Every structure is written in C-alpha cells, then in structure tokens.
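All of these numbers come straight from a predicted model, not from anything done at the bench. Numbered from 1 within each chain, the chains take letters A, B, ... in sequence-line order.
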Amino acid sequence: MAPKPLDVLQESLQKRVLVEMKGGRSFRGVLQSFDQHLNLVLASAEEVVDGTATPQGGLTLLRGDSIIYISP
Amino acid sequence: MAPKPLDVLQESLQKRVLVEMKGGRSFRGVLQSFDQHLNLVLASAEEVVDGTATPQGGLTLLRGDSIIYISP
Amino acid sequence: MAPKPLDVLQESLQKRVLVEMKGGRSFRGVLQSFDQHLNLVLASAEEVVDGTATPQGGLTLLRGDSIIYISP
Amino acid sequence: MAPKPLDVLQESLQKRVLVEMKGGRSFRGVLQSFDQHLNLVLASAEEVVDGTATPQGGLTLLRGDSIIYISP
Amino acid sequence: MAPKPLDVLQESLQKRVLVEMKGGRSFRGVLQSFDQHLNLVLASAEEVVDGTATPQGGLTLLRGDSIIYISP
Amino acid sequence: MAPKPLDVLQESLQKRVLVEMKGGRSFRGVLQSFDQHLNLVLASAEEVVDGTATPQGGLTLLRGDSIIYISP
Amino acid sequence: MAPKPLDVLQESLQKRVLVEMKGGRSFRGVLQSFDQHLNLVLASAEEVVDGTATPQGGLTLLRGDSIIYISP
C-alpha cells in the first residue's frame, strides 16, 4: 500500500517548504510541525508577495484549511 | 516525533502574537487562551488596518475558522 | 493550564459585547447565551452599520459560523 | 448555568421571527420547527427584499448554514 | 415537542416544491427523496432562470449544501 | 419510506449523467462510481463549457463538495 | 456493487494525472499517494497556468478540499 500524504509530509520535517494559501498568500520556511488538519508551523518563515519575501520573526502557525498546496 | 502545531502555540501563551484573518483584518495582542479549533483569546488586543492600530478594551475572542496564520 | 476560549466567554455572560460578523455586519448587545459552535444570543441587541445602531427588539440569535470576533 | 442558544430559540416556537440569510435574503414567518443545525421551518413566510415582502405559500424550510441571525 | 424540519419535509414527499440554491439557481419539481444533509431528488424538475423554466429529463439530485430554502 | 437520494443515484450507475459544478463547470459522462460524499467517477467524460464539449480521456473523479446537481 | 471513487483512484497510483483546483490552478504529476480527504501527493508535478507548465521540484502535497476534479 502506498504511503499516505501525511506520511510523505513527515519526510519534509526540518526542511524548507513553500506553502501556497488561499487568497494569494504564500510562505517559505522550515517545516517544524503539522497535524491531521494540515495546520503547519514554519520556522524562519517569509511571506512571499509578488516575488518579494518579508521575514516573519520566530515561528509561524498556518491554519490548514487556508492551504492549497505544500511543496519543497 | 515532532511537537504538534497546537503544542507550539502553547509556548506563545502570555506572549504577544500577530493574527492575520480572512477578509483582510489583523490583530495584535497577548495570547490568553486557545482551543483545538484555533479559537483564540487575546488580551490588550489592537485591530490593525492599513498599518493603523485600534485598541480593543478587555479580551477579544477570535473565531478559529477566520484565522489564516498566527505569528509572534 | 490556561482557560479555554469558551471559559473566557463564560465571564462575558450578562455583559455587553460587540460581535463582528462576516459580510460587514456587527452587533452590540448583552450576551445571554452561547454554545460550543459560538452560536450566541444577545439581549437588547443593536445592529451597527457604518456607525449607526439599529435596535432589534427582544433576543437575537447569531449563528456562530458567521462570527469573526467577539469583544467587550 | 445559562440556557443554551437553542433553548432560547425554543421559546420563539409559534411566534413571528425575522431570519437574515447570507446573500442578502431575509424571511419573516412563524417559527414552526428547528433542529441543531439551525434548519428552520417557517409558516406564512414572506421573503423580504429591499423592504418589499413576497408571501410564500405553506411552509418554508430554511437551511441552517445559510442563516446569519434570527430575531423576533 | 415540535416536529423537526426534516419531519416537515417528509410531508412534502410526492408534492411539487421550489428549491432556491446558492449562486442564483432555482428548481421546481416533485420531491421524491431527501436525506439528513438535505440532498434532494426531484422528479419532472425544471431549472428556473429569470422566470424561464427549462425541463430536465428524469430525476435530478440536488446537493444539500448548495440549498438555501425549500418551499411548496 | 421513500428511497434515499443515494439509492436513487445507484440507479444511474452505468448511465450517462450531467453534473453541474460550482464555478460554472459541467461534465457529461457515464457514472461509474459514487460515495456518500457525492464524490463521483465518470467514464468517457466531457467537460462542457458554453455548449462546447471537451473529451477527457479515461476516468474522471469529481469531488463531491463542488457538485451542485446531477441529472440524467 | 460498484467500486467506490477512492478505489478507482487507487488504480491511478504511479500514473500521471491532471488535477484541477479551485481558484483556477491546475497541476500535472505522477500520483504518489492520497487519503480519504482527497489530499494528494504528486511527484514531478508541474503547475499549469494558461497552458504554461512550471515544474515544481520534488513532491507536491495538494489539499483535498481545494480539488475540483482529477483525471488521467
């Protein structure tokens, strides 16, 4: 049986990911944590708007139901 | 195993956070309380609109499903 | 352990609150009742539109999933 | 302990209520029935659009998740 | 105790109903079937757009979460 | 007792159906499979946009919560 | 009894699929994994915008509730 999507996400822990969200926002950061709702915590996160990255201090918690996709 | 996002949020209790919400609102305040739906209570909250902060007296309860992200 | 958001709301019972809702509506009134969905009942409620308050007779039940935030 | 919102709604049974719905519709009618999703049945309902009331024959079932608020 | 909304709907089985849906669509037809999500099956359904009725052959299944109200 | 909507859908298996979806898309195809969320699989599906049908090769899985109605 | 939609999706594992998402995005890639929410993982994914494909490195996790349809 194939691994489930959240098992795959497990392998991205401590790695940089790009998260595209509803409403046109996207974030880059190091994946610290996630749960079954796809709530995520990113470290060293930057919000990316029109190609410009704005650093967010500390940890950022993204609510899962606003997420469209997560990629490395 | 990595800590879950809500465990991470636990560490922000009694600290100032920024909460970005759907519809373009954002709030700053001291995180007093949260639950598994990401309902939050902020103390000394300010609503931030276009860079201008409006203080809200007392405690403000933000409904979780309107939240996009929470950061320090 | 910190009190949960709904425990905090419990302390607003019989007090005046401001409720901001999706779609630009807001209400002021005395919180009579709430449940775990954040359905609320306000007494002596007024709907506030562009700074003008319109009184609603009797009790008003607000559906929780249209609520953005509740503040004193 | 305060009564829950649906207990309060119980007291509006057989009384005239105003129901404001998402998308700008509102209805007036006699509350016949409701359930925990806030699905409602109104008798002698009128749809109110821009102050003009259009009678609906018989009973009208309103789906709860389109409801914003219910008032007397 | 008052009958629940779905008990009321039970009495509309085999009768003509009007169903108003999100996004401006409405349907008329004979109610054949419904479930607790308010999924409906109409026979001899017509889609009504701006007062013009377009017949749909056979049975039409309407998804409950797109429904705003059902009336006779 | 009347058959439930999904029992009615059962009778459309292996028959051509029209599926109208949120956002203005519609699909025609042979119903191969469905579940309780109204996720559907169509064979020989065509996407219909403004009266023009574009064939999709193989099987197409439509997510239930984007569906407005299904008709023959 | 007919196979369920997710059983059908099982047969697309390790094959190229097209995924159309809410908000006008679409992705092509090799289906690596899915769960009951239709969360998907694609390998060698490309985002397709107005006919132009942009490769995404590594694996891409698409959140199920943003998906409209999946086809081969």
- The complete set of salt bridge (charged side-chain N to carboxylate O under 4.0 Å, His left out) pairs with one or both residues in residues 33-44 of chain D, sequence neighbours excluded, reads none

Side chain, backbone, both or neither: which part of [X] has an atom under 4.5 Å from a heavy atom of chain E?
X	result
L13(D)	side chain
Q36(D)	neither
Q32(D)	backbone

pair [X]-[Y]: side-chain heavy atoms closer than 4.5 Å:
X	Y	value
N39(D)	K4(E)	no
Y69(E)	Q56(D)	yes
V8(E)	L61(D)	no

- Message: Please classify the contact of E20(E) with chain D as side chain, backbone, both or neither, using a heavy-atom distance under 4.5 Å.
- Response: side chain

- Item | Contacting moiety of D7(E), where chain D heavy atoms sit under 4.5 Å | neither

- Item | Max heavy-atom pair count under 4.5 Å with chain E, selected residue of G64(D), S66(D), G58(D) | S66(D)

- Item | Option in K22(D), M21(D), R63(D) with maximal non-hydrogen atom pairs under 4.5 Å from chain E | R63(D)

- CD1 of I68(E) to OG1 of T60(D): how many Å apart, nearest 0.5 Å? 13.0 Å

- Message: Quick check for you: to the nearest 0.5 Å, what is the distance between I70(E) atom CD1 and L59(D) atom CG?
- Response: 12.0 Å

- Message: Applying a heavy-atom distance below 4.5 Å, give me the residues of residues 24-31 of chain E that approach chain D, sorted by number.
- Response: none

